[in-house]
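Quantities reported herein were computed from a predicted structural model and do not represent experimental measurements.
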Amino acid sequence: HGTNDMLNFLAARRGYCEQFAGTMAVMLRLLGYPARVAIGFTAGDADEDGVFRVTTEQAHAWVEMYFPLYGWLPFEPTPTRDNPTASHLTAPLPELPGTGQGPDAATQQGGRFQAQDPRLDHVERRFGIGPAARLQLEEEEPTSLWPRIVLGLLLVLLAIGGVPTWKWISRRRRLRRASSPREAVLAAFDVLEERAADVGLERRPEETLLEYEARLRGTITLRDGDLERMTGLVTRAAYGSDDVDAAEARLAADALKILTADLRRHAGRGRALVGAIRPARD
C-alpha cells in the first residue's frame, strides 16, 4: 500500500498480489508506459453442477497496460495465479504452417506486414478494434441490449454487496489474528479509524492521537469515557514502555463496539450505508 511496502517486497522477493501488481505498475510508469492496477476477482471454483462460486477468497489485483488501438490489456504478474482475463496473453503460441512460431511471425501482403498470431484476432474482437472486430460485427446478428443491461446491473449489485462483506471479513480477521494484548489494542484502534473514515471522519495525516480524539469529541456525541479510554490504551501500546494486559485489551474491544455504534448513530442510515459500500481508503 506504499513505497516502503514495495521496497520491502523487492528486497524479500515475497508478497501478495497487491505488491506484485503495484510494483509492476510503478515500474511500467517509470519507463513511460501508461499502467494501472485493476482490482477484482478470479474465476472461482466450479462445483459438481458446473456452477462457479466466487467469494472474497478470490479477490485479486493485477496490472493493465494501455496499448494504442487496443486499449487497456491485462497482465498477470503474480506467480501461481490463474487469471482468466490475461490468459490470452500468456497461452503458448501454436505452430503455424509456413510462418514459424512466435509473435514475430508475419507474412507480406500488399506491401504491409500482417501478424499471424491467432491471439491478435481475440484481442481485436474483445476490444472492438481492427479487422477481426469488423468481421465479427458483419457476421453476428443484432441482439437486444436488455440482457447486457441486466447483467451490468447484477454485476453492480454484486460489487455493492461484496465491498461491505470484504471490509467486514478483513477487519474481523485483523482483530482475531492479534497475537498479544498490545497487538489487539492496536488492531482495535486501526479498525476504529477505518470505521470513522467510512462516515467521513478519517484521521488526518498531521493529527496526533490526542488531536484526533479532540476532533471526534467535538464532532459527534460520544458515551462517557470510551474514546478517552481507547486513546490512552493505544498510546501506551504504541509508545509506552509498559505493555498492556489482556484485561485492557478486552476494554479496547468493548470500547470499539460502543464507539462504532456512536459513529453509526451520528452518521445516520443513509450515510452509514454509503460508507459501508465505499471501498476502504489507503
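- Within the model, atoms CZ of Arg203 and CZ of Phe189 stand 5.0 Å from one another, a figure rounded to the nearest 0.5 Å.
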message: One pair to check against side chain to side chain contact (heavy atoms under 4.5 Å, CB included): Tyr212 and Leu216. What are the steps and the verdict?
response: CA-CA 6 Å; Tyr212 187 46; Leu216 289 180; 3.8 Å; yes
message: Between Asp226 and Asp254, does the side chain to side chain contact (heavy atoms under 4.5 Å, CB included) criterion hold? Intermediate values first, please.
response: CA-CA 9 Å; Asp226 292 293; Asp254 293 338; over 6 Å; no
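- Between Glu211 and Arg204, none of the side-chain N atoms (NZ, or NE/NH1/NH2) sits under 4.0 Å from a carboxylate O, so this pair counts as no salt bridge.
- Within 6.0 Å of atom CD in Glu207, more than 12 heavy atoms from other residues, nucleotides or ligands are found, so the atom counts as buried in its surroundings.
- Heavy-atom contacts from other residues, nucleotides or ligands closer than 6.0 Å to CZ of Arg174 number more than 12.
- Summarising the geometry, atom CG belonging to Leu186 is positioned 12.0 Å from atom CZ belonging to Arg236; distances are rounded to the nearest 0.5 Å.
- The neighbour count for Glu48 CD, taken as heavy atoms of other residues, nucleotides or ligands under 6.0 Å away, does not exceed 12.
- Across all non-hydrogen atoms, the minimal contact from Glu64 to Pro74 is CG-CA, 4.0 Å.
- In this structure, Met65 and Leu73 have side chains that are not in contact, with every pair of non-hydrogen atoms separated by 4.5 Å or more.
- Checking side-chain atoms of Asp245 against main-chain N and O of Ala247 turns up a donor-acceptor pair under 3.5 Å.
- Within a 6.0 Å radius of CZ in Phe67, other residues, nucleotides and ligands contribute more than 12 heavy atoms.
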Contacts table for residues 21-34: side-chain donor-acceptor under 3.5 angstrom, sequence neighbours left out:
| residue | atom | partner | partner atom | Å |
| --- | --- | --- | --- | --- |
| Thr23 | OG1 | Gln19 | O | 2.7 |
| Arg29 | NE | Ala35 | O | 2.9 |
| Arg29 | NH2 | Ala35 | O | 2.9 |

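- For an aromatic pair to be called close, the ring centres must be under 6.0 Å apart, and Phe9 with Phe20 satisfies this.
- Side chains of Gln58 and Thr42: no donor on one and acceptor on the other come within 3.5 Å.
- The minimum heavy-atom distance linking Ala246 with Pro181 is given by the pair N-CG, 3.7 Å.
- Between Glu228 and Arg217 a salt bridge is recorded (basic side-chain N to carboxylate O distance below 4.0 Å).
- The shortest distance between side-chain heavy atoms of Leu263 and Leu192 falls below 4.5 Å.
- Summarising the geometry, atom NE2 belonging to His266 is positioned 6.5 Å from atom OG1 belonging to Thr219; distances are rounded to the nearest 0.5 Å.
- Val54 and Val51 are not part of a single hydrophobic cluster, where members link through side-chain heavy atoms under 4.5 Å apart.
- For Leu251, the side-chain contact (heavy atoms from CB on, under 4.5 Å) partners two or more places apart in sequence, or in a different chain, are Arg229, Leu233.
- Distance check, rounded to the nearest 0.5 Å: CG of Leu175 to CZ of Arg177 gives 12.0 Å.
- Transitive grouping of hydrophobic side chains (ILVMFWY, heavy atoms separated by less than 4.5 Å) brings Leu209 and Leu256 into a common cluster.
- Atoms CG and CG, from Leu227 and Asp262 in turn, are 9.0 Å apart once rounded to the nearest 0.5 Å.
- Taking each heavy atom of Arg215 and Glu202 in turn, the nearest pair found is NH2-O, 2.7 Å.
- Residues Val185 and Ile258 are members of separate hydrophobic clusters, defined by side-chain heavy-atom contacts under 4.5 angstrom among Ile, Leu, Val, Met, Phe, Trp and Tyr.
- Phe52 and Phe41 end up in different hydrophobic clusters when Ile, Leu, Val, Met, Phe, Trp and Tyr side chains are linked at under 4.5 Å.
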query: Would Asp198 and Arg171 satisfy salt bridge (Lys or Arg N to Asp or Glu O under 4.0 Å), going step by step from the backbone distance to the final call?
result: CA-CA 13 Å; Asp198 285 343; Arg171 292 166 183 174; 3.1 Å; yes
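- Under the 3.5 Å distance criterion, with hydrogens and angles disregarded, no donor-acceptor pair is assigned to the side chains of His60 and Glu18.
- The structure places CZ of Arg195 at 4.0 Å from OG1 of Thr260, a figure rounded to the nearest 0.5 Å.
- Residues Val63 and Pro77 share a closest heavy-atom pair of CG2-CG, 4.1 Å.
- Grouping the Ile, Leu, Val, Met, Phe, Trp and Tyr side chains by contacts below 4.5 angstrom, directly or via other members, places Tyr239 apart from Leu210.
- Between Met230 and Ala252, the shortest heavy-atom distance links the atoms CE-O, 3.3 Å.
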